[in-house]
Trainee: 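To start, I am sharing the structure in question, which I have written as structure tokens.
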Amino acid sequence: MKIGLMVEGQNNLTWERWSHIVALADRLGFHSLFRSDHYFIRSQRDSLEAYLSFVLAARESSRIRFGPLVTPVTFRSPVNVGRMAAQIDVLSGGRFVMGLGAGWNEAEHRAYGIPFPSAGERLDRLEEAINLMKALWAPGRATYRGRFYQIEEADCLPKPQPGRPPILIGGSGERRTLRLVAKYASEWNCVNLSPQAFADKSAVLERHCEAVGRDPKSISRSMMTFGLIGPTKESIDRITRRLMELVSAGPETSLEQFQEQSRARGMVVGQREEVLEWLGQLAERGLQEVMFQHLDFDSDEVPEFLASDIMPRVADL
């Protein structure tokens, strides 16, 4: 089992904080460092442009893999995303992961004047964007003629190495999203699933793989979670308060109620033994990596807890 970090870049992330987190993740031995690609969720705060921040990650780290978890297909032209991804992958020596999704937050689209089509159209656009990017990254000039996107004899230079960057698709929609994973992705990422829910979704993915003639073992499986974890009860309570602030939990909700609600939604809540038990159950069902939310940018306590108390004990799962 591999352990990564996930940062919500729209929650008061500054250049100083991001630079520190990149160095911290690299130094502590995390397998990956991902970040969201949002302008805002709920309230509008300091929010670093994702692809500018990936350039910094490429230059200021040496071993972690990194990328968006995930980039909405609605935000930018896939030509621009594909060009940036190729160049960041080259800059980092082949450590960039192209995380993609259909997009979901209508409020930020409306605020920034970005069209927000139906879910069906967003998924259609996602499939076209993947095919266009793969064409751009392949040797030689690329032509692609889709319903939404077109290119003609485009030679996207510099090229990444063959087969790079890998495509990660985020989401758990059983009819469309997981079928796209089966067709195109090197990695499937889900969010806050219990061990049994993960197993159920994984079985759906395997059926899609059978339908398209793909070996399901060729797809890595990862999960992002808002874990309420730490070395002590006091640290868990501090992280709980931080998440309650971020999601605007009402004053009528107590810490204990919020923690129980979080468990019911598939999140892990607890100290070392609870985290190890939860990871063990997921590993038994085929999960290969968990990206834990780094909720408090001003404290290194949770990343250091993961690095010292968790990572060495799950490395062989």
Side-chain angles (χ1 to χ4, degrees), residues 1-71 84-85 88-89 91-99 165 168 170 187 189 191-192 222-231 235-236 238-243 245-247 267-268 275 289-312 314:
M1 173 75 74
K2 298 178 176 67
I3 303 297
L5 289 180
M6 165 65 181
V7 171
E8 295 287 353
Q10 72 280 356
N11 288 338
N12 280 333
L13 187 65
T14 64
W15 286 115
E16 292 76 17
R17 286 168 169 163
W18 177 241
S19 181
H20 175 79
I21 292 168
V22 168
L24 181 74
D26 215 40
R27 174 175 59 81
L28 292 179
F30 283 93
H31 184 248
S32 61
L33 174 62
F34 285 88
R35 57 148 298 184
S36 59
D37 186 4
H38 283 290
Y39 300 120
F40 68 90
I41 298 178
R42 298 180 184 88
S43 61
Q44 302 193 42
R45 314 177 187 199
D46 285 346
S47 176
L48 298 185
E49 162 57 37
Y51 286 83
L52 293 177
S53 74
F54 296 143
V55 173
L56 185 148
R59 296 295 290 174
E60 295 194 7
S61 67
S62 61
R63 49 169 307 282
I64 51 172
R65 68 183 193 129
F66 62 92
L69 201 62
V70 288
T71 280
M84 290 189 293
I88 293 169
D89 195 58
L91 181 66
S92 67
R95 293 182 290 120
F96 183 76
V97 179
M98 184 67 265
L168 176 155
E187 181 174 349
N189 184 268
V191 178
N192 285 342
S222 60
M223 182 188 298
M224 187 274 283
T225 184
F226 291 81
L228 301 178
I229 61 173
S235 62
I236 294 167
R238 283 196 297 272
I239 289 297
T240 301
R241 292 188 189 95
R242 174 61 175 157
L243 184 56
E245 174 193 346
L246 291 174
V247 302
M267 294 164 53
V268 58
V275 176
E289 181 168 358
V290 173
M291 296 82 158
F292 285 93
Q293 280 274 356
H294 181 26
L295 295 168
D296 186 355
F297 301 156
D298 295 323
S299 171
D300 297 341
E301 183 178 40
V302 170
E304 288 175 346
F305 163 72
L306 288 168
S308 63
D309 286 26
I310 304 301
M311 286 161 51
V314 301

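The figures here come from the full heavy-atom set of this structure, side chains too, leaving out hydrogens, waters and symmetry mates.
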Trainee: Measure across Leu295 and Arg242 and return the closest heavy-atom pair with its distance rounded to 0.1 Å.
Mentor: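 It is O-NE, 3.1 Å.
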Trainee: Could you check whether any side-chain N or O of Asp296 sits under 3.5 Å from a backbone N or O of Ile239, counting only pairs where one atom can act as donor and the other as acceptor?
Mentor: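 Absent.
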Trainee: Just how far is it from atom CG of Leu243 to atom CZ of Phe226, taken to the nearest 0.5 Å?
Mentor: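 Spacing of CG (Leu243) from CZ (Phe226) equals 6.5 Å.
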Trainee: What closest approach, in Å, do Met267 and Leu228 show between heavy atoms, and which atom pair accounts for it?
Mentor: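 What the structure gives for the nearest pair is CE-CG, 4.1 Å.
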Trainee: Under a 3.5 Å distance rule, please check whether Glu8 uses its side chain to pair with a backbone N or O of Gln10 as donor and acceptor.
Mentor: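 Between the backbone of Gln10 and the side chain of Glu8 there is no qualifying donor-acceptor contact (under 3.5 Å).
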Trainee: Rounded to the nearest 0.5 Å, how far does CD1 of Ile21 lie from CG of Leu28?
Mentor: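 Nearest 0.5 Å value for the CG-CD1 distance: 12.0 Å.
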Trainee: Can you name the closest pair of heavy atoms from Met98 and Ala85 and give their distance?
Mentor: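 Closest heavy-atom pair between Met98 and Ala85: SD-CB, 3.6 Å.
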Trainee: Decide whether Ser61 and Arg95 meet the rule of one side-chain donor and one side-chain acceptor closer than 3.5 Å.
Mentor: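 Distance-only check passes for Ser61 and Arg95.
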Trainee: Give me the ring orientation class for Phe54 and Phe66: parallel if the planes are under 30° apart, tilted from 30 to 60°, perpendicular past 60°.
Mentor: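 Rings of Phe54 and Phe66: tilted, 30 to 60°.
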Trainee: How far apart are the closest heavy atoms of His38 and Ser47, and which atoms are they?
Mentor: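 Taking every non-hydrogen atom into account, O-OG, 3.1 Å.
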Trainee: Without swapping roles, check the side chain of Ser19 against the backbone of Trp15 for a donor-acceptor pair under 3.5 Å.
Mentor: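 Looks like no, no N/O pair under 3.5 Å.
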Trainee: Look only at the side chain of Ser53 and the backbone of Ala50, and say whether a donor-acceptor pair between them is shorter than 3.5 Å.
Mentor: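 Yes.
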Trainee: Between the side chains of Asp37 and Thr71, does any donor sit under 3.5 Å from an acceptor?
Mentor: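 Side chains of Asp37 and Thr71: pair found under 3.5 Å.
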Trainee: Quick check against the 3.5 Å criterion: does Arg45 have a side-chain atom that pairs as donor or acceptor with the backbone of Leu13?
Mentor: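 Absent.
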